[in-house]
Amino acid sequence: MTGGSRSTSRPNPRSASVSAAVSLSPSFPQRAAWGTASSLRAWQAEALERYFAEDPQDFLAVATPGAGKTTFALRIAVEQLSRGTVRKVTVVCPTEHLKTQWAQAASRVGLQLDPDFTNAQGEEGSFFDGVCVTYAQVAANPELHRSRTRRRPTLVILDEIHHGGDALSWGDGIRMAFDAATRRLSLTGTPFRSDTSPIPFVEYAPDGDGVKRSRADFTYGYSSALRDGVVRPVMFLSYSGQMRWQTKQGDVVSATLGEPLTKDMTGQAWRTALNPDGDWIPAVLSAADERLTNVRRYIPDAGGLVIATDHKTARAYASQLAMISGEEPTVVLSDDAGASDRIEEFANGSSRWMVAVRMVSEGVDVPRLSVGVYATSTATALFFAQAVGRFVRARKRGETATVFLPSVPQLLELAGEMEKEREHALAKPENHEDGMWNDEELAEANREEAASDQLALPGFAALDSEASFDRALFDGGEFGTTALVGSDEEADFLGIPGLLEPEEVTTLLRHHQAEQNKRNNSGNAKPATTSLPQDEMKRRRAARKELSSLVSAWALKSGESHAMIHSRLRSICGGPEVPRASADEIEARIAQVRRWFVGRK
């Protein structure tokens, strides 16, 4: 929806057109996977045939992100309008941004939906075929939407229907508003929740254990889409490292991220790693930027996305990325009109990085995203699937997405289960263990304009963090062993070409692991746990703080951006970006800035 530019050669129909729907790209806009034509994909055709054979009041289609749910739904909409089964269409989606995306897609098939409709209006203009609204908008006045739906035969498209269970009032409101709809088409890419709130208009049936689970009318999972070349495979690169923090009781604790720890210690080590004042985040961002550079050698417009926990850390990460990459990233902090514009500008451009908090929810499509950093403390399967779904849109043969992760057991398990199909359960098995955070907490955080700083727990303080490369996960396998950041071993995994068949990626990963094992066994490699001497570490950290302060002061004096100043310093003094620079290299840059202040070059 946001990811491609509109065609100037194809006319824009003025009424809903089946022929226009037939010619719509299998995954709007113009991002059909390699080898597909302009006709429907096989799963879309099969699902469409099943839908019209049964012509049910309710139909639930489950399809992995990037598979083309929007095209499938719009084809049903124009068919039902042309047959006279319905006269109006209502699309319900999770966010304001998606309302615009749906309206843009619908206009390509001559279906005019009003994305700016408000409850205060009561009725859309006569020239519209329907409206796009949010779940929250419906829940705010379900009686209004019930009246609208009852006045004319209406098809209601419930996009990402699992949001109907976000709150009791939402579920009740949606049921009241659309119970009288002539047809309801429910769509989702993640049909599961960690809670047991029932989802409206979804059928549940008991499984072998007597637990009621959601039953889809058609399912097209990630593994099937991967096999068909509809989506990209994902390579996960996980990073561990030594963490040190102060507990709320005042105790100072050290631990290695990824080692067997208690649930509380894992959470605290994780939060320490995500602290922008430590060394873990800059090192991982630097590695991700290096990976993006390698991918862009093959895919020049490839972009990266950092998923942050809250507004404060998002801004801090963006500042660090500017220093690392030499280019100011796009920052998206809230779901408002300005955020949508920034996403669309990034999607249609070729800049390197975007940093976001809320705007990575399902359906936000930027097909050129190829590299991601999962820098958030959310551990639910739902959010993880939504986040990774931002990187799987396939545009050409041989693309592989790369997502950087903290070495946290919950995340590594989710990464290893990417191809596992799930259903939503209305009860938990007796031995079920809850994750560190649940979906109610996630939904509450997403409803806040500015999420609270998750590091700001009473008495908790992140002190120090270091990063080390842990392993690569791909196609159900694990490759590599712990290596120093900036080492040849890490560079092997970061430098995998941007366009390779999955089998070739696996072969390279196995080769790099074998070479790494060979070097380790020969005794030529430094132990992975080797770190800088304590005095050198303190010197380097002190130099980084001094350089940061001097750069800020020079930026105020000169009007240059921080990124431009750091780029000039690297050009003059040499060496890598700050997170990978030695104390000597950083001190050389400090001396250079001081010379600028006294008028010397």
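Bear in mind the structure is a predicted one, so any value in this text is a computation, not a measurement.
Nearest heavy atom pair, residue Arg244 against residue Thr272, reads O-CG2, 3.6 Å. Scanning both residues, His512 and Asp492, for their nearest heavy atoms gives NE2-O, 3.2 Å. Taking both residues in full, the closest heavy atoms of Trp596 and Ile565 are given as CZ3-CG2, 3.9 Å, listed atom of the first, atom of the second, then distance. Between Val357 and Ala314, the shortest heavy-atom contact is CG2-CB, 3.9 Å. When every heavy atom of Ile324 is checked against every heavy atom of Arg570, the shortest pair comes out as O-NH1, 3.8 Å. The shortest non-hydrogen separation linking Met354 to Ile343 is SD-CG1, 4.3 Å.
At a threshold of 4.0 Å, the pair Arg315-Asp310 does not count as salt-bridged, since none of the basic side-chain nitrogens sits closer than that to a carboxylate oxygen. Salt bridge annotation for Asp301-Arg296: absent, with no cationic side-chain nitrogen under 4.0 angstrom from a carboxylate oxygen.
Between Pro260 and Thr266 there is no side-chain heavy-atom pair separated by less than 4.5 Å. Under the 4.5 Å side-chain criterion, counting only non-hydrogen atoms from C-beta, Gln513 is not in contact with Leu509. Taking 4.5 Å as the limit, some side-chain heavy atom of Tyr239 sits within range of a side-chain heavy atom of Trp280. The shortest side-chain heavy-atom distance between Ile307 and Arg390 does not fall under the 4.5 Å cut-off. Considering only heavy atoms from C-beta on, Thr247 comes within 4.5 Å of Gln268 through its side chain. Using a 4.5 Å cut-off on side-chain heavy atoms (C-beta onward), Val355 and Leu321 make contact. A 4.5 Å side-chain heavy-atom check between Phe404 and Leu494 finds at least one atom pair inside the cut-off. Using a 4.5 Å cut-off on side-chain heavy atoms (C-beta onward), Val408 and Leu257 make contact.
Taking the centre of each ring, Phe469 and Phe493 come in below the 6.0 Å mark. Ring centers of Phe384 and Tyr374: under 6.0 Å apart, within the cut-off.
At distances below 3.5 Å, at least one donor-acceptor pair connects side-chain atoms of Thr309 with backbone N or O atoms of Ser377. Side chain of Thr402 to backbone of Met235: no donor-acceptor contact under 3.5 angstrom is found. In this structure, the side chain of Glu504 engages the main chain of Glu501 through a donor-acceptor pair within 3.5 Å. No donor-acceptor pair closer than 3.5 Å links the side chain of Asp289 to the backbone N or O of Leu285. Judged by distance alone, the side chain of Thr64 and the main-chain N or O of Ala67 form no donor-acceptor pair under 3.5 Å. In this structure, the side chain of Asn275 does not engage the main chain of Arg271 through any donor-acceptor pair within 3.5 Å.
In this structure, CG on Leu274 lies 9.0 Å from CE on Met243, to the nearest 0.5 angstrom. Considering CG of Leu499 and OH of Tyr298, their distance stands at 8.0 Å, rounded to 0.5 Å. For the atom pair CE of Met564 and OG of Ser558, the computed distance is 9.0 Å after rounding to the nearest 0.5 Å. The structure places CG of Asp488 at 10.5 Å from CD of Gln516, a figure rounded to the nearest 0.5 Å. Distance check: Ser548 OG to Gln320 CD gives 9.0 Å after rounding to the nearest 0.5 Å. We find the OG-CD1 distance between Ser567 and Ile572 to be 9.5 Å, quoted to the nearest 0.5 Å.
Donor-acceptor pairing under 3.5 Å is lacking for the side chains of Trp245 and Asp464. There is a side-chain donor-acceptor pair under 3.5 Å between Thr293 and Arg352. For the 3.5 Å distance criterion, the side chains of Glu345 and Thr330 fail to qualify, holding no donor opposite an acceptor.
For residues 552-564, the set of pairs meeting the salt bridge (Lys or Arg N to Asp or Glu O under 4.0 Å) definition, not counting sequence neighbours, comprises Glu560-Arg568.
Cation-pi contact between Arg368 and Phe346: present, with separation from the ring centre below 6.0 Å and deviation from the ring axis of at most 45°.
Looking at Ser468, Ser238, Ser240 one by one, the single match for side chain to side chain donor-acceptor pair (under 3.5 Å) with Ser407 turns out to be Ser238.
With sequence neighbours excluded, the residues forming a side chain to side chain contact (heavy atoms under 4.5 Å, CB included) with Gln246 are Ala461, Leu463, listed by chain and number.
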**Message:** salt bridge (Lys or Arg N to Asp or Glu O under 4.0 Å), that's the test. Do Lys99 and Glu96 meet it? Break it down for me.
**Reply:** CA-CA 5 Å; Lys99 288 165 49 175; Glu96 293 288 332; 3.1 Å; yes
